[in-house]
2 protein chains.
Amino acid sequence: MKNSVDIVVNTDFLKAYLISKQLSESEFAKTIGVSHSTVNRILNGKRNLGSKFIGGLLKNFHDLSFELVFSYENKLPKGNEVQSVI
Amino acid sequence: MKNSVDIVVNTDFLKAYLISKQLSESEFAKTIGVSHSTVNRILNGKRNLGSKFIGGLLKNFHDLSFELVFSYENKLPKGNEVQSVI
DNA sequence: TTTTATTATTACCAAAAGGTAATAAAAGGG
DNA sequence: CCCTTTTATTACCTTTTGGTAATAATAAAA
């Protein structure tokens, strides 16, 4: 399989945003229409983004634009990940 | 589960775009970094969008913007879909 | 019309994302 | 400090998405 491009979220930005708006992960999750665990895992880098998260966020937080919150990340084909040198 | 928002693609627009650019589904798939079957299923409404499709498209086709190709769709919680009357 | 190549569709399976519910951690109130 | 409430984390399972490969459909060439 060739190189693909995933969408990733700027977690530091989003965490700061939630703090500035005094929103808990659960409140945020409820607003964008996903479960609190989904939000938690995404903020902690344990899950990639799905269409629900992206859509829910952009649809419900009009002060957050795609460019502001998300970016692209090149994913190498299976088995070609960069290995740790340690 | 509450109402969630999915991202959907304007299939008519995208199909017309591919024709205008003389791109087959396979060529398009290769460019955006997903398999041809993924493209086919999305164009025919048999699959929802994933982050790879969205990211691959926006990253590789700079004349296509998020607003131009995608839109939002409210999904009702499981078991609350609108039933056919027939 | 048969053969070959390209394009589109789908069955099958693997990987990833999402939810529920249980648990842990943190914050307040007494 | 103990009890309660809110918030965050994760184990377990279900649903959805993605790829490969097989098949079907279409087109182009001889």
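Below, chain A is the first sequence line, B the second, and so on; all start at residue 1. Heavy-atom basis, side chains included; hydrogens, waters and symmetry copies ignored.
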Item to check | Basic-acidic side-chain contact under 4.0 Å: A:Lys21, A:Asp63 | outcome: yes

Checklist entry - Is there a side-chain polar atom (N or O) of A:Asn48 under 4.0 Å from OP1 or OP2 of C:dA16? => result no

Item to check | Whether B:Phe61 and B:Phe28 hold their rings parallel, tilted or perpendicular, with breakpoints at 30° and 60° | outcome: tilted

Checklist entry - Can you find an N or O donor on one side and an acceptor on the other, under 3.5 Å apart, linking the side chain of B:Ser37 with the base of D:dT20? => result yes

Item to check | Spacing of A:Glu25 atom CD relative to C:dA25 atom P, expressed in whole Å | outcome: 16 Å

Item to check | Base partner of D:dT17, which must satisfy Watson-Crick or wobble distances under 3.5 Å | outcome: C:dA14

Checklist entry - Could you state the NZ-C1' distance from A:Lys46 to C:dG19, rounded to the nearest angstrom? => result 17 Å

Checklist entry - For B:Asn44 and C:dT9, is the shortest distance between a side-chain N/O and OP1 or OP2 below 4.0 Å? => result yes

Checklist entry - So do the side chains of B:Val8 and B:Tyr72 get within less than 4.5 Å of each other, counting heavy atoms only? => result no

Checklist entry - Watson-Crick or G-U wobble partner for C:dA21, using a 3.5 Å limit on both distances? => result D:dT10

Checklist entry - Hey, does the side chain of B:Asn40 come within less than 4.0 Å of C:dT9's phosphate (OP1/OP2), counting only N and O? => result yes

Checklist entry - Relative to each other, are the rings of B:Phe70 and B:Phe66 parallel, tilted or perpendicular (30° and 60° limits)? => result tilted

Item to check | B:Thr38 vs D:dG18: side-chain N/O to OP1/OP2 distance below 4.0 Å | outcome: no

